[in-house]
There are 2 protein chains.
Amino acid sequence: MEANRPDTSTRILDVAERLFVEHGFEATSLRMITQQAGVNLAAVNYHFGSKDALFESVFTRRLGPLLAGCIAELDAEEAGGRALSIEALVMTFIRPALALSKDPNKGGAMFVRLLSRTLVENHRLLRETLSQQYSEFVQRYSRAFERALPALGGEELAWRMHFAFSLMFNAFAGNDVLKIFVRSQVVSARDPDMIVKHLVPFVVAGLNTPSSS
Amino acid sequence: MEANRPDTSTRILDVAERLFVEHGFEATSLRMITQQAGVNLAAVNYHFGSKDALFESVFTRRLGPLLAGCIAELDAEEAGGRALSIEALVMTFIRPALALSKDPNKGGAMFVRLLSRTLVENHRLLRETLSQQYSEFVQRYSRAFERALPALGGEELAWRMHFAFSLMFNAFAGNDVLKIFVRSQVVSARDPDMIVKHLVPFVVAGLNTPSSS
DNA sequence: GTCTATAGCGAGATAGAC
DNA sequence: GTCTATCTCGCTATAGAC
């Protein structure tokens with residue numbers, strides 16, 4: 001097979017995904033991307049139209065499948081109509097994110113980190129063009145959490161979902177900087193399995209704690 | 001008193017603090033800052049030397065006092081030599097951060113959000129020039145967590161500190177975007193007291209959960 | 001200290017040959 | 001589809017008058 005060298009669009013997407021994570025959208029120039037991808041500068045505008053459109057393409061390539069994977073997990077767990085445990089519910093999000101993070105080309109891990117960073121930055125392109133992509137995801141998880149934690153009021157439940165997703169996204173972001181608050185020699189924040197082993201008990205305990213009101 | 005209009009340096013710092021949060025460092029131009037501050041474009045380079053140096057000055061104005069406040073809280077709680085509860089330990093960090101977030105000029109809240117965002121972005125200027133500022137903070141909290149959670153091994157403890165600080169920083173960051181995962185009408189992520197009311201039980205439960213190994 | 005004017009650079013985007 | 005060459009713009013930074 002001669003597929004060892006992906007086509008130009010794919011090479012641009014792969015490199016852009018990585019550089020947007022490393023330097024941020026604004027600090028990443030098309031010249032950096034095309035140089036590292038080994039393609040011509042004009043190729044970005046030919047294939048994607050603009051730098052903004054390239055950013056959106058990086059997202060649309062992976063976000064849809066990731067969210068669909070989570071919803072498929074929810075469907076499977078809820079099949080019998082029984083109530084989910086919190087841990088089972090958390091795992092329906094963790095498993096697809098973890099699978100993506102283990103993508104052999106490392107692109108998936110880059111994307112999960114990019115998604116987390118872009119959420120924290122509240123980036124205009126995510127707000128403006130991608131919001132309808134996750135509306136079903138939001139609705140499904142809101143209802144699932146309501147059923148799994150019926151003792152909590154709506155406000156308290158909303159806060160806990162906010163904390164849980166914040167934590168999960170940031171854990172998969174794999175930032176080294178927050179490691180300065182811990183002993184850096186023992187924690188490898190980039191190992192997805194270790195993240196899950198320690199993250200899930202923490203999140204489940206936080207979600208399950210009795211109501212504070 | 002004629003102090004109603006702060007001097008040029010302060011006005012630049014206040015506006016820069018807010019714009020760096022809203023748009024990020026790279027996407028914020030000196031023209032935006034000086035225009036909104038009502039000062040001349042050249043004033044930034046006269047008073048601070050460069051855009052990079054301005055960013056550092058925004059941090060040095062508030063980071064030292066914030067960390068010193070946390071350490072002072074630790075000193076007070078540890079005064080009797082007794083072991084701290086997890087909740088007491090968490091509150092030694094929450095209280096100074098909360099006080100800063102309630103700064104009447106809103107600058108403190110902006111700074112806490114900027115700190116969180118800059119940590120997540122792993123920004124070069126935070127890595128390169130500010131790391132010695134928080135070394136005492138890191139050492140003190142590492143020892144305090146060891147004493148408060150003696151049943152945990154070093155690795156597991158490190159992970160939990162990582163999660164706890166991630167969550168606390170991101171909560172004070174007050175991002176609206178993660179709210180898309182919850183019902184936005186009930187959650188006001190910018191109200192510091194509400195953050196604490198719901199955040200502290202969640203973090204404490206996560207930290208206190210039995211060892212997973 | 002504050003201002004105008006501008007140098008010098010790198011960015012995104014595009015025209016047009018091949 | 002790919003390339004070179006170039007346009008236009010906004011940026012940081014600075015020189016020098018006041």
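The basis for the numbers below is simple: all heavy atoms, side chains too, and nothing from hydrogens, waters or symmetry mates. All chains are named by letter (A, B, ...) in the order of the sequence lines, taking the proteins before the strands, and each is independently numbered beginning at 1.
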Run the side-chain contact (heavy atoms from CB on, under 4.5 Å) test against B:R124 and tell me which residues pass, sequence neighbours left out. B:F25, B:D52, B:R127, B:E128
Working to the nearest 0.5 angstrom, can you tell me the gap between B:F172 CZ and B:S101 OG? 5.0 Å
First locate atom CD1 of B:I33, then atom CD of B:Q36, and finally report the distance between them rounded to the nearest 0.5 Å. 9.0 Å
Atom NE2 of B:H47 and atom C1' of C:dT2 are separated, to the nearest Å, by 8 Å
In this structure, CH2 of A:W159 is separated from CE of B:M194 (nearest 0.5 Å) by 6.5 Å
Would you tell me if any nitrogen or oxygen in the side chain of A:N40 comes within less than 4.0 Å of OP1 or OP2 on D:dT4? yes
Of all residues at least two apart in sequence or in a different chain, which pass the ring-ring contact (aromatic ring centres under 6.0 Å, His included) check with B:F145? none
To the nearest 10 degrees, the angle between the two end axes of the helix from C:dG1-D:dC18 to C:dC18-D:dG1 (five pairs per end) comes to 0°
Protein-to-nucleotide contact annotation, 5' to 3' order, nucleotides 12-18 of chain C [B base; S sugar-phosphate only; - none; under 4.0 Å, heavy atom]: BBB----
Report the distance from atom CE of B:M168 to atom CG of B:L98, rounding to the nearest 0.5 Å. 12.5 Å
By side-chain contact (heavy atoms from CB on, under 4.5 Å) - contacts of A:H23 (at least two apart): A:L19, A:A27, A:T28, A:M32
Length of the line joining A:I12:CD1 and D:dG1:C1', which is rounded to integer Å: 11 Å
Starting at CZ of A:F48 and ending at P of D:dG1, how long is that distance when rounded to a whole Å? 11 Å
Whole-Å distance separating the CE atom of B:M32 from the P atom of D:dG10: 13 Å
Could you work out, with side chain to side chain donor-acceptor pair (under 3.5 Å) as the rule, every residue matching B:N45, not counting sequence neighbours? none
